[in-house]
Amino acid sequence: MEYKEPNIDPKLLSPYDPTSTEDRIYALWQESGFFNPDICIEKGVTAPDAKPFSIVLPPPNVTGTLHIGHAAMLVIEDIMVRFARMQGYRTLWLPGTDHAAIATQSKVEKIIEKEGLRKNDMGREEFLKRVTLFAQDSHDAIVSQIKKMGASIDWSREAFTLDEKRNVAVRTAFKKMYDDGLIYRGHRIVNWDPKGQTVISDDEIVYKEEKTKFYYLKYGPFTIGTARPETKFGDKYVVMHPDDTRYMQYKHGDTIEVEWINGPISATIIKDESIDMEFGTGVMTITPWHSAVDFGIAERHKLDKEQIIDTYGKLLSIAGEFAGMKIKDARAKIIEKLESKGLVEKIEDYTHNIATAERTEAVIEPQIMNQWFINVNKPIADRENKSLKELMLEPVKNGNISILPDRFERVYYNWVENLRDWCISRQIWYGHRIPVWYKGEEIYCGIEAPREEGWEQDSDTLDTWFSSGLWTFSTLGWPEKTKDFETYHPTTILETGYDIIFFWVARMILMSQYLLGDIPFKTVYLHGLVRDAQGRKMSKSLGNIIDPLDVAKKYGADAVRMSLIIGTGPGNDSKMSEDKIKAYKNFANKLWNITRFILSSTEGIIPDAKFSAYTDADKALIVERDEIMKAITKEMEEYKFYLAGDKIYQYAWARLADVIIEESKPILGGEDDYAKNSRAQFLLDTLAKVITALHPFMPFVTEELWSLIPRKDKNLLLVTAWPASHS
RNA sequence: GCGCGAUUAGCUCAGUUGGUAGAGCAAUCCGUUUACACCGGAAAGGUCGCAAGUUCGAGUCUUGCAUCGCGCACCA
């Protein structure tokens with residue numbers, strides 16, 4: 001018998017090779033323009049009146065490269081986007097990056113430090129040039145990584161939180177809030193980072209456990225407790241609870257003379273209900289300049305406030321002989337002196353949590369400073385006199401925004417309800433300059449700088465989350481009334497990590513509700529952290545970091561995508577291992593071989609969508625397959641990608657390959673032409689459907705296979721219709 | 001302190017209004033001249049954290065407890 005060369009692409013004869021395929025496929029997609037919804041409509045693959053589906057990419061910080069958590073985010077979003085596009089929606093996924101003010105600036109500071117440079121010697125302009133270069137490099141690396149992962153994102157609309165358009169949005173938003181009296185400048189107690197030399201918000205604080213000493217000191221007739229004797233120099237108020245029977249003989253406002261660190265002082269008795277009678281002796285002295293709680297007491301009773309510690313963490317002249325010393329060094333010396341004066345009653349071991357700065361890890365020193373704040377409690381006239389807090393709560397409470405998993409809704413309420421005014425000014429150089437100018441006593445806030453001479457702009461920049469809060473609409477052209485804004489806002493879904501629900505999700509709701517009177521998105525899908533195989537956080541020090549690019553190179557991006565999605569429900573952390581990736585690399589090859597078998601054993605048969613002469617056995621297989629497709633569609637629509645992905649994997653491998661194909665061998669090699677034709681049509685049809693349903697999960701290998709299977713239309717799989725109807 | 005989550009096979013996890021426990025990976029045994037060894041087949045592996053309750057029936061619902069993890073707050 002004469003050997004006949006199979007009439008299939010020779011590519012299929014060797015195992016699937018992702019590395020030689022993926023870049024080529026991505027280029028093909030980009031050339032097609034189909035990532036851009038306008039082009040989809042122009043070329044007729046999306047109906048002109050199709051419903052929009054829009055999502056913004058949570059902009060990665062330009063502080064370096066993407067980690068595996070970013071990869072997971074890209075995969076989840078790309079699955080949503082590809083699924084929506086295949087279902088016929090007018091689908092927009094909008095990319096961008098975040099300037100991440102403090103994070104990026106401190107990164108560059110560290111780099112130039114190694115070169116022996118300091119930012120203050122370079123000057124603001126020179127330093128910012130350097131940061132911009134660094135940001136550009138990071139940006140380029142990030143963009144290429146996003147492409148490697150296969151993200152079907154519309155590059156023609158790319159944005160940056162610090163570019164010119166976003167700057168206009170920021171200034172516009174600031175001005176409106178300023179004019180409405182929501183943004184104000186005032187002397188408040190703030191979180192000062194002595195290392196970063198800037199104020200940070202409450203959310204940028206990380207509490208760390210510290211073992212220290214607790215000192216009981218004699219203060220006139222009282223014993224006071226403190227962990228921070230170095231702040232006690234100026235303490236001239238002694239506070240106790242009004243109901244504390246132990247101190248009934250002292251009346252609010254009484255003064256007593258006490259011998260203190262640097263000599264006698266006159267102390268005033270203050271009665272305040274915030275005092276915990278159970279704690280220590282129930283008596284304390286206060287340091288309003290360096291404690292938020294003490295500040296509150298001082299405000300209530302209109303007490304004097306005095307600064308003890310400067311912005312570098314050194315004691316001021318009020319400390320007398322200790323002036324100029326660092327807190328750490330001063331503490332022991334002060335206790336020594338107090339002991340010599342017989343004022344120390346006892347010292348206990350003490351464990352408490354201290355506030356540190358998220359970025360610099362420095363211990364926060366509360367300070368009273370003149371900073372810019374957003375008032376979250378003030379009623380807003382053109383928002384039915386609701387406050388920002390109320391505007392943030394409303395859409396989640398009434399269901400206009402739903403959060404997945406829904407338990408995070410309660411976390412959100414709890415946070416918003418306890419929210420204090422948001423400190424938005426930062427003493428760093430990299431970021432949006434505050435659009436306020438000063439001339440003597442005059443203040444001017446405007447979108448543009450004042451024309452006249454002699455005005456000087458505020459030197460502070462804005463909290464990076466101020467610009468991120470505008471992201472869902474600043475990226476669509478706001479404040480201009482663009483077509484994009486009208487079409488795609490509010491966005492369909494926001495997909496991000498649960499760790500930034502407060503930083504970002506809440507701020508977007510705030511900004512959108514206030515500036516637009518509308519929600520920024522309808523659904524929030526929160527993903528968890530990607531951990532290592534043992535469930536540990538990935539970190540440099542543990543050496544357990546999995547670089548998405550490395551593993552994508554080794555096993556293919558499709559395999560990495562599958563391993564990031566299977567077993568990962570919303571809100572839960574997931575575990576990642578190379579073994580898991582390897583399993584899905586094998587699956588890509590399995591698909592490859594399934595295709596090879598079906599094509600080579602159905603030679604000469606043209607797939608016919610209208611074919612109906614199926615055998616009863618094949619009819620049953622069709623029913624089974626279509627039910628699975630329907631179930632998968634339902635799970636996709638419920639955002640249960642981990643279930644849908646696994647289901648299609650199971651069907652392709654355990655059912656189609658292991659059972660149906662094996663059973664088909666005798667039929668296809670047999671004499672019964674009726675059964676043969678029927679089975680061949682079934683296999684070709686099922687192959688196409690499986691590949692299509694897998695496309696959101698494994699876009700590269702499926703697109704490649706799509707190009708190899710015989711069919712009439714020549715469209716990319718990217719824009720091919722989803723193989724099951726809406727559930 | 002307040003709140004949340006997890007606890008199912010060695011590992012990672014499913015288990016959709018309660019109806020006799022599932023998958024992948026790993027490990028074991030068998031199998032290699034036509035789709036695939038990046039494979040196939042077989043067998044093995046669980047008193048579903050513990051205790052009580054509701055029920056004809058609980059991995060699933062209720063309560064309590066334990067362990068692990070997380071978030072928020074923080075007191076001098």
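Everything numeric in this text was worked out from a predicted model, so none of it was measured. Here is the naming used below: chain letters follow the sequence lines, and residue numbers restart at 1 for every chain.
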Next on the checklist: Could you check whether A:Lys582 makes a cation-pi contact with A:Phe587, meaning its NZ or CZ is under 6.0 Å from the centre of the six-membered ring and within 45° of the ring axis?
Outcome noted: no
Next on the checklist: So that I can tick it off, tell me whether A:Lys11 and A:Asp9 are bridged by a salt bridge, with the cut-off set at under 4.0 angstrom between side-chain N and carboxylate O.
Outcome noted: no
Next on the checklist: Closest-nucleotide mapping onto RNA chain B: is A:Tyr498 or A:Asn353 further toward the 5' terminus? I mean the 5' end.
Outcome noted: A:Tyr498
Next on the checklist: Under a 3.5 Å distance rule, please check whether A:Arg507 uses its side chain to pair with a backbone N or O of A:Phe503 as donor and acceptor.
Outcome noted: yes
Item to check | Nearest non-hydrogen partners of A:Leu526 and A:Gly497, listed with the distance | outcome: CD2-O, 3.9 Å
Checklist entry - Nearest of B:rG24, B:rC36, B:rC39 to any side-chain atom of A:Arg596? => result B:rC36
Checklist outcome for this item: Sorted by chain and residue number, the salt bridge (Lys or Arg N to Asp or Glu O under 4.0 Å) partners of A:Glu578 (sequence neighbours excluded) come out as A:Lys554
Checklist entry - Between A:Phe502 and A:Trp415, how do the two ring planes meet: parallel, tilted or perpendicular, split at 30° and 60°? => result parallel
Next on the checklist: Taking any heavy-atom pair under 4.0 Å as a contact, classify A:Lys647: base, sugar-phosphate, or nothing.
Outcome noted: nothing
Checklist entry - Under 4.0 angstrom, heavy atoms only, what part of the nucleic acid is A:Phe587 near: base, sugar-phosphate, or nothing? => result nothing
Checklist entry - Strictly under 6.0 Å, is that where the ring centroids of A:Tyr651 and A:Tyr649 end up? => result no
Next on the checklist: Could you check whether the side chain of A:Lys590 and the base of B:rC38 have a donor-acceptor pair of N or O atoms closer than 3.5 Å, going by distance alone?
Outcome noted: no
Checklist entry - Counting distance only, does the side-chain N/O of A:Arg531 pair as donor-acceptor with the main-chain N or O of A:Lys575 below 3.5 Å? => result no
Checklist entry - Mind checking the P distance from B:rG40 to B:rU54? Whole angstroms is fine. => result 49 Å
Next on the checklist: Let's test your reading of the model: under 3.5 Å, does the base of B:rC72 pair with the side chain of A:Asn414 as donor and acceptor?
Outcome noted: no
Next on the checklist: Please determine whether any donor N or O and acceptor N or O are separated by less than 3.5 Å between the side chain of A:Glu662 and the base of B:rA35.
Outcome noted: yes
Checklist entry - Does any residue of residues 652-660 of chain A have a heavy atom under 4.0 Å from RNA chain B, and if so, which ones, in number order? => result A:Trp653, A:Ala657, A:Asp658
Checklist entry - When the C1' atoms of B:rG18 and B:rG53 are considered, how many whole Å apart are they? => result 15 Å
Checklist entry - Nucleotide by nucleotide, 5' to 3', does protein get under 4.0 Å of the base (B), only the sugar-phosphate (S), or neither (-) in nucleotides 4-12 of chain B, counting heavy atoms? => result SS------S
Checklist entry - When you check the phosphate oxygens OP1 and OP2 of B:rA23, does a side-chain N or O of A:Tyr649 lie under 4.0 Å from one of them? => result no
Next on the checklist: By the 4.0 Å heavy-atom rule, please label A:Lys665 as base, sugar-phosphate, or nothing.
Outcome noted: base
Next on the checklist: Work out how far the P atom of B:rG69 is from that of B:rC61, and round it to whole angstrom.
Outcome noted: 25 Å
Checklist outcome for this item: Those residues at least two apart in sequence (or on a different chain) that pass side chain to side chain donor-acceptor pair (under 3.5 Å) with A:His352 are A:Glu210
Item to check | Spacing of the P atoms in B:rA58 and B:rA51 (rounded, Å) | outcome: 14 Å
Item to check | Which nucleotides of RNA chain B pair, in dot-bracket form (Watson-Crick or G-U under 3.5 Å, | meaning another strand) | outcome: (((((((..((((.....[..))))..((((.......))))......(((((..]....))))))))))))....
Checklist entry - With sequence neighbours excluded, what pairs up with A:Tyr412 under the ring-ring contact (aromatic ring centres under 6.0 Å, His included) test? => result none
Checklist entry - On RNA chain B, nearest-nucleotide positions of A:Asp573 versus A:Ile594: which is more 5'? => result A:Asp573
Item to check | Aromatic ring proximity, centroids under 6.0 angstrom, A:Phe641 and A:Phe697 | outcome: no
Item to check | Stacked cation flag A:Lys585 on A:Tyr555, 6.0 angstrom / 45 deg | outcome: no
Checklist entry - Short question: side chain of A:Gln307, backbone of A:Ile309 - any donor-acceptor pair under 3.5 Å? => result yes
Next on the checklist: What's the gap between B:rC48 and B:rG22 when it is taken at their C1' atoms, as a whole Å value?
Outcome noted: 12 Å
Item to check | Inter-nucleotide P distance (B:rU63, B:rA23), Å rounded | outcome: 33 Å
Next on the checklist: Give me the distance, rounded to whole Å, that separates B:rC75 from B:rU8 when you measure between the C1' atoms they each carry.
Outcome noted: 43 Å
Checklist entry - To the nearest Å, how far apart are A:Leu564 CG and B:rG24 C1'? => result 16 Å
Checklist entry - With sugar-phosphate meaning primed atoms plus P, OP1 and OP2, does A:Leu643 contact a base, only sugar-phosphate, or nothing at under 4.0 Å between heavy atoms? => result sugar-phosphate
Checklist outcome for this item: Between CD1 of A:Ile709 and C1' of B:rA35 the distance, given in whole Å, is 16 Å
Next on the checklist: Could you tell me how far B:rA14 sits from B:rC29 if I compare only their C1' atoms? Round to whole Å.
Outcome noted: 28 Å
